[in-house]
> 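One structure coming up, written as structure tokens, with questions to follow.
Numbered from 1 within each chain, the chains take letters A, B, ... in sequence-line order. Values reported hereafter were calculated over all heavy atoms of this structure, with side chains retained and with hydrogens, waters and symmetry mates removed.
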Protein chains: 4
Amino acid sequence: MLINLDFESSEPIYQQLVFQIIEGIARKDFRPGEALPSVRSLASDIGINLHTVNKAYQQLKLEGFIQIHRQKGVVINPDGVPKADERYKQQLEKNLRPLIAESICRDYGEEEFLLLCKMIYKNYQGGRT
Amino acid sequence: MLINLDFESSEPIYQQLVFQIIEGIARKDFRPGEALPSVRSLASDIGINLHTVNKAYQQLKLEGFIQIHRQKGVVINPDGVPKADERYKQQLEKNLRPLIAESICRDYGEEEFLLLCKMIYKNYQGGRT
Amino acid sequence: MLINLDFESSEPIYQQLVFQIIEGIARKDFRPGEALPSVRSLASDIGINLHTVNKAYQQLKLEGFIQIHRQKGVVINPDGVPKADERYKQQLEKNLRPLIAESICRDYGEEEFLLLCKMIYKNYQGGRT
Amino acid sequence: MLINLDFESSEPIYQQLVFQIIEGIARKDFRPGEALPSVRSLASDIGINLHTVNKAYQQLKLEGFIQIHRQKGVVINPDGVPKADERYKQQLEKNLRPLIAESICRDYGEEEFLLLCKMIYKNYQGGRT
DNA sequence: GTGGTCTAGACCACG
DNA sequence: GTGGTCTAGACCACA
């Protein structure tokens, strides 16, 4: 399990961790039902506090990515991640708008932008490396 | 000038302000060379702290969107916004990755995603409303 | 004997087990004097730890629902469950208060609430299914 | 603001706190838009750690009871608490079932049970004392 | 001064 | 051994 944190970044560590795990799921490094390391072991592995890991796990649980079983530890949601609903789409649009607005200002054309997206998509769909 | 702030959001107010102005430029509500309200007047207009407006303006200046002159006040950069450079593209990709990774997890297909982007592009290119 | 456990729930398994058995008594699936499976057999039936079943049985014994005999095994209390006493009523009120307070906040009216209670009562009094 | 915590109870302090505030809203001690004490001041007032108060506030925020404004502090949701939805009703039923099942076992009749509920309802609707 | 984040260390319930 | 809870103390971004 590869976790790549940037301790210099202003992005909270727990959020970076959340994203790294989501990325792992997208890349199919983690399959539904697969176990994740315990709070403690992951924390010591990457050298951060267990509460930080716990916060990331709690958020992933809230969003339906993982399940936390008492004492059995943490597993990727065996039923798969909840599908995109209306709320998610609105959130996604809200997140995309600033990126696109700035791209327009900087003359970064629509074609280039879409190409970049496709490139990232392809990057994930390469599957387990 | 329409400024739409969400005081309940976890997004800092100064960042919301930064984005609203960038959006205005993208939508061509603000043209190069056009004047923006002074820190004081904008702050009192939307009922927020001077420092908050100032922080937003400073960031916009740093990124080349505006110029701040002691006498002439604040104007949209007459030379236009700096074009997208390599650094910007990397930053953009870094911002897009989490959005795309989560979309994949949620079965929100590439086509839909690209369609959403196009819609937002079209939305901005409608021009001055 | 139908036992329905939710291993993802934050409610401890032994408490779920306790409640399932209480529910069985309320529904008259279990009659006074009737035998319950031994700790061992129940544990292996539902695939949980011996200690977990034991903890549930101990709690049921403490509250007077069952009797545990070294030889005869576990039986539903032949004298019936102890009647509601003052202590029980206070406990019940303490448990109901949060539910009712939240219902009020959420505009879930008293009539609806009482109707829901009646429905649950009726549901149990249907008798052995 | 009266907060009554039982430090002996097995119920987590933060949950007791959550309930006390919900109770305050139900009793109309707290009106929509009204400010709540800051995390720090409430923590020192009742002699607990600020993180414990924070956890309670975060949960109340998640459930829509309060809003947390950056730096402006905490206020009761001005739009009122979200109405009871289907999910809430199911949760409520799930919480009521064990209470009712045990009542049936203990010969605590339906009439008495409903009377107790009504009593609690009346108790809250007395309004601000 | 406010909430957000992170660290550190401790105890407990659970299985 | 696991997650859940609580405490304590620190720094930072925000307004």
Side-chain angles (χ1 to χ4, degrees), chain A residues 5 7 9-17 35-44 47-59 61 66-75, chain B residues 5 7-17 43 46-56 59, chain C residues 5 7-17 43 46-56, chain D residues 5 7 9-17 35-44 46-59 61 66-75:
Chain A
L5 298 179
F7 293 96
S9 166
S10 67
E11 198 186 9
I13 294 179
Y14 80 94
Q15 269 187 21
Q16 294 184 44
L17 192 47
L36 256 50
S38 79
V39 173
R40 279 177 174 77
S41 70
L42 182 53
S44 79
I48 61 176
N49 191 281
L50 90 174
H51 290 115
T52 308
V53 176
N54 191 45
K55 188 162 184 177
Y57 275 2
Q58 290 299 333
Q59 184 168 328
K61 173 184 156 195
I66 64 173
Q67 289 178 351
I68 303 181
H69 295 76
R70 58 180 56 255
Q71 279 66 23
K72 280 192 349 189
V74 180
V75 298
Chain B
L5 299 178
F7 292 95
E8 301 164 31
S9 165
S10 67
E11 197 185 10
I13 292 177
Y14 82 95
Q15 269 186 22
Q16 293 184 44
L17 192 48
I46 52 186
I48 60 176
N49 196 297
L50 278 179
H51 298 83
T52 309
V53 176
N54 194 48
K55 188 161 186 177
Q59 183 167 328
Chain C
L5 298 179
F7 291 95
E8 301 164 30
S9 164
S10 67
E11 196 185 9
I13 293 179
Y14 82 93
Q15 269 185 21
Q16 293 184 45
L17 191 48
I46 52 187
I48 60 176
N49 195 296
L50 276 180
H51 299 82
T52 308
V53 176
N54 195 46
K55 189 161 184 176
Chain D
L5 299 179
F7 294 95
S9 166
S10 67
E11 197 186 10
I13 294 179
Y14 81 93
Q15 269 187 21
Q16 294 183 44
L17 192 48
L36 256 50
S38 79
V39 172
R40 281 179 172 76
S41 70
L42 182 54
S44 78
I46 54 186
I48 60 176
N49 190 281
L50 89 175
H51 290 114
T52 308
V53 176
N54 192 45
K55 187 161 186 178
Y57 275 2
Q58 290 299 334
Q59 183 168 328
K61 173 184 156 196
I66 64 174
Q67 290 178 349
I68 302 182
H69 294 77
R70 58 183 54 256
Q71 280 64 24
K72 283 193 344 189
V74 180
V75 299

> Need to verify one output field. Residue with the more 5' nearest nucleotide on DNA chain E, A:G47 or D:S41?
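Checking each residue's closest nucleotide, the 5'-ward one belongs to D:S41.
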
> Looking only at atom types and distance, does a side-chain atom of B:E8 sit under 3.5 Å from a main-chain N or O of D:Q67, one as donor and one as acceptor?
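Looks like no, no N/O pair under 3.5 Å.
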
> Of all the nucleotides listed (F:dT7, F:dG4, E:dC14), which has the minimum atom distance to the side chain of A:I68?
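Given the options F:dT7, F:dG4, E:dC14, the side chain of A:I68 is closest to F:dG4.
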
> Looking only at side-chain atoms of C:K55, point me to the closest of E:dG4, E:dC14, F:dC14.
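Shortest atom-to-atom distance from the side chain points to E:dC14.
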
> Given atom CD of B:E8 and atom P of E:dT2, what is their separation to the nearest angstrom?
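The distance from CD of B:E8 to P of E:dT2 comes to 20 Å, rounded to the nearest Å.
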
> Assuming nearest nucleotide by heavy-atom distance, tell me which of B:Q15 and D:P12 is located more 5' along DNA chain F.
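Going by which nucleotide is closer to the 5' end, it is D:P12.
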
> So what does B:E11 hit on the nucleic acid, given a heavy-atom distance under 4.0 Å: a base, only sugar-phosphate, or nothing?
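It contacts nothing in the nucleic acid.
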
> Could you check which of E:dT7, F:dC6, F:dA15 has an atom nearest any side-chain atom of B:N49?
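Taking heavy atoms from C-beta onward, the closest nucleotide is F:dA15.
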
> Choose from E:dG15, E:dG4, F:dC6 the nucleotide whose nearest atom is closest to any side-chain atom of C:I13.
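Selected nucleotide: E:dG15.
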
> Closest approach to the side chain of A:V39, judged atom by atom: which nucleotide of E:dG4, F:dG3, E:dT5 is it?
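The listed nucleotide nearest to A:V39's side chain is F:dG3.
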
> What's C:I48 touching, base or sugar-phosphate or nothing? Going by heavy atoms closer than 4.0 Å.
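Since no nucleic acid heavy atom lies under 4.0 Å of C:I48, the category is nothing.
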
> Heavy atoms from C-beta onward define the side chain here; which of E:dC6, E:dG3, F:dA15 lies closest to that of A:Y14?
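Taking heavy atoms from C-beta onward, the closest nucleotide is E:dC6.
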
> Look through every strand shown and name the nucleotide pairing with E:dG4 as Watson-Crick or G-U wobble, where both distances are under 3.5 Å.
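Base-paired to F:dC11.
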
> State which of F:dG3, F:dC14, E:dG15 makes the closest approach to the side chain of A:R40.
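In terms of side-chain proximity for A:R40, the closest of F:dG3, F:dC14, E:dG15 is F:dG3.
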
> If you go through the side-chain atoms of A:H51, does one of them form a donor-acceptor pair with the base of F:dG4 closer than 3.5 Å?
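Such a pair does not exist between side chain and base.
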
> Measure from the side-chain heavy atoms of D:S38 and tell me the nearest of E:dT2, F:dT5, E:dT7.
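Comparing E:dT2, F:dT5, E:dT7 against the side chain of D:S38, the answer is E:dT2.
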
> Looking at E:dT5, I'd like to know if its phosphate oxygens (OP1 or OP2) sit under 4.0 Å from a side-chain N or O belonging to A:T52.
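The answer is no; no side-chain N or O of A:T52 sits under 4.0 Å from OP1 or OP2.
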
